[in-house]
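Inspection log for the structure reproduced underneath, given as structure tokens.
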Amino acid sequence: MKEITCKLLVIGAGPGGYVCAIRAGQLGVDTVIVEMAKPGGTCLNIGCIPSKAIIHAADDFAKTVAMAAGKNAMGIKADNPAIDLAKTMAWKDGITGRLTLGVAGLLKKAGVKIVVGRAKFRDGKTVAVETETGEQVIRAENIVIATGSAPVELPMLPFGGKVVSSTGALSLTEVPARLAVVGAGYIGLELGLAFAKLGSKVTIVEALDRILPLYDTQLTQPVAKRLAALGVEVLLGTKVKGLSSNGEALLAETGSGEERRIAADKILVTVGRKPVTEGWGREELELDMDGRFLRIDEQCRTSMRGIYAVGDVTGEPMLAHRAMVQGEMVAEIVSGKRRSWDKRAIPAVCFTDPEIVSVGLSPDEAKAAGREIKIGQFPFSTNGRAMTLSAEEGFVRVVARADNHLVLGIQGVGVGISELSAAFSLAIEMGARLEDIAGTIHAHPTQSEAFAEATLKALGHALHI
Ligand code: FAD
Ligand code: NAD
């Protein structure tokens with residue numbers, strides 16, 4: 001097979017890699033991307049998109065079940081709801097299929113050459129790809145490592161049989177009657193809640209003494225309440241020991257030393273993800289590490305000239321939108337533009353019920369950074385739109401500097417609040433002060449009014465509370 005030469009070679013077509021390649025192509029950079037699975041990476045194929053599809057289906061199903069049980073205050077009735085999970089999964093696969101085809105199309109439209117196969121470095125400028133038709137050698141002036149991340153496996157609960165990762169859970173064709181979830185982080189709670197709504201008896205085992213340790217307890221409290229309402233048992237401060245000898249149950253030990261035997265048809269292990277730093281020839285290079293991640297600077301340069309890294313392989317937060325923004329920046333740098341990481345905040349959204357959003361500093365983080373702050377919080381229970389949506393749980397909270405009212409952070413929890421994350425991020429990125437948000441007309445009736453009211457509250461004159 002002939003050797004290819006190019007200006008930019010991207011390894012991995014997840015959100016970091018494919019965005020980098022598309023932008024480079026648009027800028028006229030001669031670009032090749034190598035992907036060993038499907039374009040779209042974890043996010044489109046086995047992560048963000050399929051999980052949100054299943055969460056949505058579970059929500060709709062749970063609402064119908066509540067209607068059938070006569071628990072619908074709006075007077076809507078339903079009879080004998082049922083779910084055909086195989087059909088739900090087929091619908092989800094249709095969405096991911098359309099998106100991954102779309103990514104391949106966008107890459108082609110940008111003039112990017114796609115090579116399918118596993119890439120391995122030979123040296124800092126050369127990569128060999130095992131393709132179906134043999135080895136393809138690619139020489140590039142610049143190389144971007146965007147190999148992403150993979151689920152962490154627990155030694156006492158290796159994946160296989162009834163022990164599944166998020167990928168396994170997102171391809172189940174029957175709702176497990178009993179589901180044990182190990183880890184009450186992003187995936188454990190998003191999928192744990194979804195399966196509880198689909199009808200599983202869910203037990204969540206978490207090593208720490210709280211759920212979603214990334215967020216403060218005020219934000220996670222409405223989620224804890226919903227878990228309880230759905231009958232999900234949450235065992236905090238609990239260690240998993242492994243499977244029982246007959247394989248029927250998950251064995252765990254609570255903080256008080258009590259042995260627990262959790263009978264389960266499936267065990268979903270979601271204890272974090274690890275960067276993919278092996279399997280692509282790192283040993284042929286001299287790359288500095290930052291703990292388990294590849295070390296990068298504010299331009300995503302690694303310690304080797306001409307080699308960049310973006311996305312989950314470079315560190316926390318392991319989020320698709322961070323990977324995409326890094327990828328776009330690197331493409332522009334390679335094309336000769338002057339760019340560096342100048343973002344003030346990376347929004348985080350947890351698609352639990354209700355959803356949680358956090359952008360910038362929480363009150364505790366602002367105080368720890370030595371800031372004198374003002375906090376404004378407005379509940380959805382007094383927001384008209386939230387009432388019409390039966391979504392009164394939760395609030396929006398704004399954290400600002402006490403002296404000049406510069407907004408440092410915005411958090412919130414509520415049904416559908418993920419859609420407010422754009423307004424929150426924009427406010428911080430634009431350097432908004434409380435008065436800027438309070439002085440912006442927010443359409444009525446919308447949940448976004450709670451954002452304006454939270455800033456008014458911080459200024460001492462909220463109108464609707
Ligand atoms: P990845 O998406 O992991 O892509 C890396 C790609 O590189 C893969 O396609 C892989 O096949 C390829 N690759 C690796 N090695 C090689 C090689 N040697 N040769 C060729 N190809 C190679 N993030 C959010 O922001 N919002 C969410 O709602 C969200 N939900 C999630 C839900 C789940 C269940 C999971 C698992 C993750 C979720 N994430 C979410 C995280 C998100 O998926 C990742 O942050 C994102 O995919 C990282 O993008 P990436 O480009 O760095 O890597
Ligand atoms: P996570 O880091 O969010 O949560 C892991 C949880 O497992 C933590 O609460 C941790 O204390 C617990 N844990 C660790 N070891 C344990 C053990 N032995 N026993 C019991 N509990 C244990 O990890 P995740 O849920 O696997 O998700 C991985 C990453 O994927 C996230 O950190 C995030 O970057 C990304 N993600 C993002 C979204 C989103 O943006 N909405 C959704 C899903 C995943």
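Whatever order the structure lists them in is the order used to number ligands and atoms, beginning at 1.
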Select one of side chain, backbone, both or neither to describe which atoms of [X] lie under 4.0 Å from any atom of ligand 1, heavy atoms only.
X	value
S166	side chain
A320	both
I187	side chain

#### Entry: Option with minimal heavy-atom separation from atom 22 (C) of ligand 1, where the choices are E190, M36, K120
M36
### Message
Can you check which of P15, G40, A13, C43 brings a heavy atom nearest to atom 50 (P) of ligand 1?
### Response
P15
### Task
Examine ligand 1 and decide if any of its atoms is less than 4.0 Å from a heavy atom belonging to M324.
no
### Task
For the residue pair H56 and W91, categorise the inter-ring angle as parallel (less than 30°), tilted (30 to 60°) or perpendicular (more than 60°).
tilted
### Message
Assess, by modelled atom type and distance only, whether the side chains of S335 and R23 contain a donor and an acceptor separated by less than 3.5 Å.
### Response
no
### Query
With distance as the sole criterion, is a donor-acceptor pair present between the side chains of R139 and T5 under 3.5 Å?
no
### Message
Do the side chains of E253 and R260 get close enough for a salt bridge, i.e. N-O under 4.0 angstrom?
### Response
no
### Task
For ligand 2, find out whether one of its N or O atoms is nearer than 3.5 Å to an N or O atom of E206.
yes
### Query
Taking both backbone and side-chain atoms of F351, is any N or O found less than 3.5 Å from an N or O belonging to ligand 1?
no
### Message
Quick check: A119 and ligand 1, any N/O pair under 3.5 Å apart?
### Response
yes
### Message
Tell me if the centroids of the rings in F378 and F395 come within less than 6.0 Å of each other.
### Response
no
### Message
If we only consider heavy atoms of G272, is any one of them less than 4.0 Å away from an atom in ligand 2?
### Response
yes
### Query
For ligand 2, which part of V349 has a heavy atom less than 4.0 Å away: the side chain, the backbone, both, or neither?
backbone
